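Everything numeric in this text was worked out from a predicted model, so none of it was measured. We count residues from 1, following the sequence as given.
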Amino acid sequence: MTAPVFLVEHFDTDGEGRHVLDGPEGRHAVSVKRLHSGEDVRLTDGAGRWADGVVVDTEGKDRLIVRIGAVTEEPAEEPRITVVQALPKGDRGELAVETMTETGVDAIVPWAASRCITQWRGERGLKALGKWRATAREAGKQSRRTRFPEVADAMTTKQVAALLAEADLAAVLHEDTALGTEPFATAALPGSGEIVLVVGPEGGISAEEVALFTEAGAKTFHLGRTVLRTSTAGTVATALLLARTGRWS
């Protein structure tokens with residue numbers, strides 16, 4: 001079994017190469033995971049830097065003493081994959097973030113589409129965004145990632161259009177094949193740069209939104225013969241991209 005991953009802000013050590021993992025991460029390691037001397041762990045800052053270590057000792061209920069090796073920086077993979085995720089109902093937003101993180105997406109952008117039932121406003125919006133970011137962090141650790149996906153502030157449709165205009169491939173998933181959508185499985189993909197993928201809400205992307213996105217340079221694509229829910233479409237499309245771009249090779 002691979003070593004569990006813990007999030008740290010720094011890799012400071014004493015003269016013997018020992019690092020103290022404390023706070024919530026230390027408490028989880030000691031009181032929940034119940035790690036003991038001799039067990040392997042991996043520490044990461046979630047931004048690509050990581051170090052493998054071995055547990056030396058524990059102190060109390062929330063301090064893990066780890067002897068770590070050299071700190072390594074994992075380069076960002078290309079092409080970078082960003083999914084613009086329309087806001088789903090209930091906890092399906094966290095489900096989408098969790099599975100996309102486990103799959104390997106690089107960035108997630110919450111989108112307040114016109115047909116979204118859920119709307120993020122005021123304190124409710126800040127709380128929901130915090131849940132998405134916490135979900136990405138925990139799923140990053142669970143899936144043994146050392147570079148966690150960025151979860152941006154929620155964007156408007158105009159802001160998403162501006163993001164698409166800068167992408168090397170701007171793709172909008174749309175189930176209406178009457179619009180002349182292309183199969184995403186055969187789309188021409190860039191070898192580097194950024195792919196931005198838009199996943200609409202349960203009610204679908206409006207004609208006005210599609211028009212704005214295509215004016216910005218996006219193309220519309222369909223995934224297959226079936227219609228996926230908004231909480232699963234981004235994960236399926238990300239997996240397809242990772243396989244086709246060679247990032248899973």
Side-chain angles (χ1 to χ4, degrees), residues 78-90 92-93 95-97 99-100 103 105-122 124-125 128-129 132 149-242 244-245:
E78 290 199 26
R80 176 181 165 89
I81 301 171
T82 296
V83 173
V84 177
Q85 173 67 59
L87 306 179
K89 296 182 292 183
R92 286 190 171 274
L95 174 62
V97 171
T99 54
M100 285 192 288
T103 305
V105 74
D106 299 299
I108 300 168
V109 177
W111 171 39
S114 62
R115 292 177 179 172
C116 285
I117 295 175
T118 299
Q119 295 293 327
W120 287 2
R121 296 188 179 92
R124 179 183 178 183
L129 178 60
W132 280 36
E150 303 168 11
V151 179
D153 293 340
M155 288 189 180
T156 64
T157 297
K158 287 185 178 180
Q159 289 173 322
V160 172
L163 185 67
L164 292 170
E166 298 297 322
D168 295 278
L169 171 63
V172 178
L173 294 185
H174 204 294
E175 74 278 4
D176 189 356
T177 55
L179 289 177
T181 59
E182 301 176 22
F184 198 47
T186 56
L189 304 180
S192 60
E194 180 150 16
I195 297 172
V196 178
L197 176 70
V198 177
V199 177
E202 296 290 355
I205 303 175
S206 72
E208 294 77 13
E209 289 165 338
V210 172
L212 187 62
F213 293 160
T214 53
E215 286 174 9
K219 293 183 178 180
T220 55
F221 296 92
H222 59 271
L223 280 173
R225 297 179 181 178
T226 60
V227 177
L228 299 172
R229 300 201 68 161
T230 185
S231 53
T232 55
T235 299
V236 171
T238 297
L240 181 60
L241 287 172
L242 290 170
R244 291 195 58 214
T245 58

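Between atom CD of residue Gln85 and atom OG1 of residue Thr230 there is a gap of 4.0 Å, rounded to the nearest 0.5 Å. With rounding to the nearest 0.5 Å, the separation of OG1 in Thr82 from CG in Asp106 is 6.5 Å. The distance from atom CG of Leu164 to atom CD of Glu215, rounded to the nearest 0.5 Å, is 12.0 Å. Interatomic distance, CG of Leu169 versus CG of Leu241, reported as 7.5 Å (0.5 Å rounding). Separating the CG atom in Asp153 from the CG atom in Leu129 is a distance of 6.0 Å, to the nearest 0.5 Å. The CE atom of Met100 sits 4.0 Å away from the CD1 atom of Ile108 when rounded to the nearest 0.5 Å.
When every heavy atom of Val172 is checked against every heavy atom of Ala218, the shortest pair comes out as CG2-CB, 3.8 Å. Taking every heavy atom of both residues into account, Pro183 and Phe221 meet most closely at O-CD2, 4.0 Å. For the residue pair Pro110 and Leu87, the shortest heavy atom distance occurs at CB-CD2, 3.8 Å. For the pair Pro201 and Arg115, the tightest heavy-atom approach, listed with the atom from each and the gap, is CG-CB, 4.0 Å. For Ala113 against Ala86, the heavy-atom pair with the smallest separation is CB-CB, 4.3 Å.
Side-chain atoms of Pro190 and Ile195, non-hydrogen and from C-beta on, do get closer than 4.5 Å to each other. Two residues are said to be in side-chain contact when any heavy atoms from C-beta on lie closer than 4.5 Å; Val109 and Val196 fail this criterion. His174 has its side chain within reach of Val210: a pair of non-hydrogen atoms, C-beta onward, lies under 4.5 Å apart.
Using a distance-only test at 3.5 Å, with no hydrogens or angles considered, a donor-acceptor pair links the side chain of Glu78 to the main chain of Gly193. Checking side-chain atoms of Arg92 against main-chain N and O of Ser231 turns up no donor-acceptor pair under 3.5 Å. Between the Thr118 side chain and the Pro88 main chain, a donor and an acceptor come within less than 3.5 Å of each other.
Considering Ile205, Val160, Thr157 as possible partners of Leu212, the one that fulfils the side chain to side chain contact (heavy atoms under 4.5 Å, CB included) test is Thr157. Partner Val84 forms a side chain to side chain contact (heavy atoms under 4.5 Å, CB included) with one of Val199, Leu197, Leu163 and no other, that one being Leu163. Shown are Phe213, Trp132, Trp120; of these, the ring-ring contact (aromatic ring centres under 6.0 Å, His included) with Trp111 is made only by Phe213.
Crowding of Arg124 atom CZ: a count of heavy atoms from other residues, nucleotides or ligands under 6.0 Å not exceeding 12. Atom CD of Gln119 is surrounded by more than 12 heavy atoms from other residues, nucleotides or ligands within 6.0 Å.
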#### Entry: Trace of the side chain to side chain donor-acceptor pair (under 3.5 Å) decision for Ser114 with Glu209
CA-CA 8 Å; Ser114 62; Glu209 289 165 338; 3.0 Å; yes

